[in-house]
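Let me begin by presenting the structure, written as structure tokens, before commenting on it.
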Number of protein chains: 2
Amino acid sequence: MTGEGTTSASAGAPAERRGRPRSPAVDTAVVETVLRLLEDGVGVAELSMERIAREAGVGKATVYRRWAGKEALMLDVLRSLDEAVPGPAGACVRDDLVALLEFLRRRGLAKRSSAVLRTVVAQVQARPALWAEYHDTVVAARREAFEAVLRRGMASGEIRADLDTELLTDLFVSPMLSRALFHEWRELPEGLSERIVDTLLEGVRPA
Amino acid sequence: MTGEGTTSASAGAPAERRGRPRSPAVDTAVVETVLRLLEDGVGVAELSMERIAREAGVGKATVYRRWAGKEALMLDVLRSLDEAVPGPAGACVRDDLVALLEFLRRRGLAKRSSAVLRTVVAQVQARPALWAEYHDTVVAARREAFEAVLRRGMASGEIRADLDTELLTDLFVSPMLSRALFHEWRELPEGLSERIVDTLLEGVRPA
DNA sequence: CACTTCCGGAACGGTCCCGTCTCGTATGGG
DNA sequence: CCCATACGAGACGGGACCGTTCCGGAAGTG
């Protein structure tokens, strides 16, 4: 969280820390301020270190004492988003899939979440490290949860076993994702998760 | 293309244009430069009018003579992306859907296209006008093409008629879109379109 | 040919930001 | 208690960009 963790390869003991300790409140205040600004649609470009410090009510030097620059700060901001995805608890695979999509829907409804996602997407080209961090801390866990449910369904016969779980995950997730990205909380109505899952399960061709 | 078209509500006659006419080459040079820079991963933030003019080999005043600011310029850049989507030419609905997705795949493979898309997504919150323009000039036509094919399929019995064409379009399009957004030309392999269409048509549940 | 407008280049004052540094003060470990 | 370190505030020089303005020259129109 302090950012030093990203660079401090100091394997040695941290030794004795003399003097006033760093306030943990500052770390959270800064990260929280960044999230709030992104949420308000500020855009990572207009986010200057100066403005972040100002709006967080924090000295600029205090920010630079913790993070080497905007890139390092953003990395920690993304790290702070790590979140537990719901485990499989439904009666059948279909319900588990709906639950996972419903989790995504509620996240997409939160301005914070979709704003951060948009920000990350915008940086895919320019700052691969940022995207990699987001993928590792947020995306990977979700994908793994989906694929686990799908594999379970394949074993139990509820899901065709001749399909690639990676492609299947995309088919389930990306409709929700696209709407959250493009339409921002609109177009994520109640019941959307069920419609996506059921349509995918049944297929589009008539029986 | 000149940008004045966006603001010039001057319904009156353009009257006689005396003096040296504006060079159309400048318009295209500027727009092309913006596209090239986006393509190189520069990001709309680092795109300053100053830099655009410099890299286009054009006087800054010349740019400001045509566009009121960066927003107006970007609007024209998006407008320049209008493109014809392939019409329905396949033997069956399935082939038409594959053709449309294949069109999207080739666009996603082009760095220019995915870069612009990422840029637009990043601005959904901050500049709704930009997104609206992109939606009207690019997205709307594609969606309409998809929905037309789907309606045709419903009429001919190749597609279930009890489903919403809007949701169906999302189901077909968004997997391709998400991959182009997140993975940038990787992960768009040959044959992906067929796999998406066929999986959606058949359904995920075993027969 | 005369005149008008456009062209690239360059400079302007103004604003914002960066990253560092210095204040005077607050705070907690040894 | 002492002193190292953190804190908020802000000044600093350096740099980038904005949008405007001027220049000298180029290029069409009448």
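Each chain gets a letter, A, B and so on, in the order its sequence line appears, and its residues count up from 1. The structure displayed is predicted, hence computed values, not measured ones.
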> Using a heavy-atom distance cut-off of less than 4.0 Å, which residues of residues 34-59 of chain A contact DNA chain D?
Replying inline: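 By residue number: A:G57, A:V58, A:G59.
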Can you tell me how far the [atom1] atom of [X] sits from the [atom2] atom of [Y], to the nearest 0.5 Å?
{"X": "A:F146", "Y": "A:L104", "atom1": "CZ", "atom2": "CG", "value": "5.5 Å"}
{"X": "B:Q123", "Y": "B:Y134", "atom1": "CD", "atom2": "OH", "value": "13.5 Å"}
{"X": "A:S80", "Y": "A:D27", "atom1": "OG", "atom2": "CG", "value": "11.5 Å"}
{"X": "B:L47", "Y": "B:R51", "atom1": "CG", "atom2": "CZ", "value": "7.0 Å"}

> Using the ring of each side chain (for Trp, its six-membered ring), is B:H183 parallel, tilted or perpendicular to A:W131, with breaks at 30° and 60°?
Replying inline: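 B:H183 and A:W131: perpendicular rings.
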Distance, rounded to the nearest Å, where [X] contributes [atom1] and [N] contributes [atom2]:
{"X": "B:Y64", "N": "C:dG9", "atom1": "OH", "atom2": "P", "answer": "17 Å"}
{"X": "B:D27", "N": "C:dC6", "atom1": "CG", "atom2": "P", "answer": "12 Å"}
{"X": "B:E71", "N": "D:dG19", "atom1": "CD", "atom2": "P", "answer": "12 Å"}

> For the helix from C:dC1-D:dG30 to C:dG30-D:dC1, what is the angle between the axes at its two ends, each from 5 pairs, rounded to 10°?
Replying inline: 20°
> How would you list, by chain and number, every residue that makes a side chain to side chain contact (heavy atoms under 4.5 Å, CB included) with A:R151, sequence neighbours excluded?
Replying inline: A:E144, A:E147, A:A148, A:T165
> Between B:T33 and B:V58, does a side chain to side chain contact (heavy atoms under 4.5 Å, CB included) hold up when you go through it step by step?
Replying inline: CA-CA 11 Å; B:T33 299; B:V58 153; over 6 Å; no
>> Tell me whether the side-chain N/O atoms of A:T62 come closer than 4.0 Å to OP1 or OP2 in D:dG8.
In response: yes
> In chain order, what residues pass the side chain to side chain donor-acceptor pair (under 3.5 Å) check against B:R152, with sequence neighbours excluded?
Replying inline: B:D96
> Judged by atom type as modelled, is there a donor-acceptor pair below 3.5 Å linking the side chain of A:D164 to the main-chain atoms of A:E166?
Replying inline: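 The answer is yes, because a donor-acceptor pair under 3.5 Å joins these two groups.
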>> Using a 4.0 Å heavy-atom cut-off to protein, can you give one letter per nucleotide of nucleotides 21-30 of chain C, 5' to 3': B if the base is in contact, S if only the sugar-phosphate is, - if neither?
In response: B----BBSS-
> Got a sec, which pairs hit salt bridge (charged side-chain N to carboxylate O under 4.0 Å, His left out) with one end in residues 120-129 of chain B, sequence neighbours left out?
Replying inline: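 Sorted result for residues 120-129 of chain B: B:E71-B:R127.
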